[in-house]
Amino acid sequence: MFNQLGVIGVGLMGGSFALALKRAGLVKRVVGYSKSPSTTERARKMGVIDVAAESALLAVSGSDIVLMAVPVSATEATFKAIRHLVEPNVLFMDVGSTKRDVVDAARRVLKERVSAFVPAHPIAGKEVAGVAHADASLYTGRQVIITPLPQTSPELVQKATDVWSGIGAQVLRMTAENHDAAFAAVSHLPHMLAFAFFSSVAKQPAGKDFLSLAGPGFRDFTRIAASDPEVWRDILMSNREEILKQSMRFRHTLDALEHVIKTGNAEALEGLIRNASEARSGWQMGAGKPSSSR
């Protein structure tokens, strides 16, 4: 059990982590900080945190576990605000959806203190943001990717693994580079496509009429287009190199589909669709699960 959790960024992710630790009996007290005093006050009234801190540094003071649940673009500034209290026996984690930029920021700012940092990415969330939507079950049954640096303390890596496992998550481990390449393909590009596709329909002269006819398939395909704009702005910008690689691959595949449609090659079109359908069915049945040591 931890004596005190310090949460920097008491929103959906940070608030859910605090509630999950409380429910699991893994922490005695939670101190939270957010830029907006009304957010921390609401979190306190909801029982998400016990004490509202006036700064990120004060949220760290006295804590033996710290979660930075801030936008990836704010990671470096957060490290700078707390670096004087980053101690080797305190577990520091983030929840950023990209990892190379986070790791680079940690190296630049924390220097030799970086051994206390275990970068983490919980594969969980909602289309709605804010502490009002915090949920103790958000991480239950979900994957959490940790991407330790070579300098990261093995003891703290184990603590991080234990705490995420203790709230019901499955912990996987990989390098920051592999993480960003993988999630560009399976998360970041799909969000970018959803934003673009929904906009392309909605902005047409008859867009409203088209949308009134949309069924479950359209809703499933575009659900993530309702995601938080600021969060996804940061993610797409911070991982743009890998996302653009995946976008190019997608364009080539789309070009191939367009070509066989334009030329009227129904047999080739069916073959391309069949390949995708069979691959999707195989994946759904459990093929291609990642190794925990990747």
Side-chain angles (χ1 to χ4, degrees), residues 97-100 120-127 137-147 164 168-202 204 207 210-227 231-232 235-236 238-294:
S97 295
T98 58
K99 296 269 73 88
R100 279 188 296 185
H121 175 202
I123 315 305
K126 300 179 181 180
E127 279 68 58
S137 299
L138 185 68
Y139 303 113
T140 303
R142 300 301 185 94
Q143 291 183 338
V144 175
I145 314 296
I146 61 172
T147 62
W164 287 111
Q170 177 191 3
V171 181
L172 304 176
R173 181 175 172 177
M174 62 178 64
T175 66
E177 291 75 16
N178 283 345
H179 170 280
D180 285 3
F183 282 91
V186 301
S187 176
H188 305 163
L189 180 63
H191 276 79
M192 187 172 79
L193 296 180
F195 298 143
F197 174 65
F198 194 91
S199 293
S200 74
V201 175
Q204 294 181 39
F210 293 167
L211 291 174
S212 72
L213 300 173
F218 183 90
R219 287 180 171 83
D220 289 346
F221 186 78
T222 62
R223 175 184 59 83
I224 55 177
S227 298
V231 168
W232 279 95
I235 291 170
L236 296 180
S238 63
N239 200 27
R240 57 185 174 270
E241 182 179 334
E242 293 295 343
I243 293 167
L244 292 174
K245 289 179 185 177
Q246 292 299 326
S247 181
M248 186 175 295
R249 289 176 180 270
F250 173 76
R251 286 177 191 276
H252 290 162
T253 305
L254 184 61
D255 286 345
L257 282 165
E258 288 181 351
H259 176 73
V260 296
I261 292 171
K262 285 177 182 177
T263 57
N265 192 336
E267 183 178 350
L269 177 60
E270 181 180 346
L272 292 173
I273 295 171
R274 187 180 305 282
N275 288 342
S277 177
E278 291 177 352
R280 176 62 170 80
S281 296
W283 171 76
Q284 190 170 4
M285 293 171 62
K289 291 184 178 179
S291 166
S292 61
S293 61
R294 179 179 176 185

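Numbering of residues begins at 1 and proceeds along the displayed sequence.
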For the side-chain hydrogen bond (donor to acceptor under 3.5 Å, both in side chains) test, which of Glu241, Glu242, Glu177 pairs with Arg100? Glu242

Can you tell me how far apart CZ (Arg251) and CG (Leu244) are? Round to the nearest 0.5 Å. 9.0 Å

My understanding is that only residues two or more places apart in sequence, or in another chain, count here; which of them pass salt bridge (charged side-chain N to carboxylate O under 4.0 Å, His left out) with Arg274? Glu270

To the nearest 0.5 Å, tell me how far Ile273 CD1 sits from Leu257 CG. 7.0 Å

Quick check: closest heavy atoms across Ala124 and Arg142, and the distance to 0.1 Å? CA-NH1, 3.4 Å

For side chain to side chain contact (heavy atoms under 4.5 Å, CB included), just list the numbers for Phe250 and Ser247, CA-CA rounded to whole Å, side-chain angles, deciding distance to a tenth of an Å, and then say yes or no. CA-CA 5 Å; Phe250 173 76; Ser247 181; 5.5 Å; no

NE2-NE2 distance between His179 and His121, expressed to the nearest 0.5 angstrom: 5.0 Å

How long is the span from the CD1 atom in Ile243 to the OG atom in Ser238, to the nearest 0.5 Å? 7.0 Å

Residues forming a side chain to side chain donor-acceptor pair (under 3.5 Å) with Ser137, sequence neighbours excluded: Arg23

Of the options Thr98, Asp180, Asn239, which is the one that meets His188 in a side-chain hydrogen bond (donor to acceptor under 3.5 Å, both in side chains)? Asn239

Using the rule given for side chain to side chain contact (heavy atoms under 4.5 Å, CB included), can you reason through Arg223 versus Arg219, listing the C-alpha separation, both sets of side-chain angles and the distance that settles it, and then say yes or no? CA-CA 6 Å; Arg223 175 184 59 83; Arg219 287 180 171 83; over 6 Å; no

How long is the gap from OG on Ser187 to CE on Met192, to the nearest 0.5 Å? 12.0 Å

Residues, nucleotides or ligands: over 12 heavy atoms within 6.0 Å of Glu267 CD: no

Do you know which two heavy atoms are closest between Phe195 and Ile224, and how far apart they sit? CE2-O, 3.6 Å

Any donor-acceptor N/O pair, Thr222 side chain to Phe218 backbone, under 3.5 Å: yes

Measuring from atom NE2 of His259 to atom CG of Asn265, what distance do you get when rounded to the nearest 0.5 angstrom? 7.5 Å

Just do the side chain to side chain contact (heavy atoms under 4.5 Å, CB included) check on Ile123 and Phe183 with the steps written out, would you? CA-CA 10 Å; Ile123 315 305; Phe183 282 91; 3.4 Å; yes

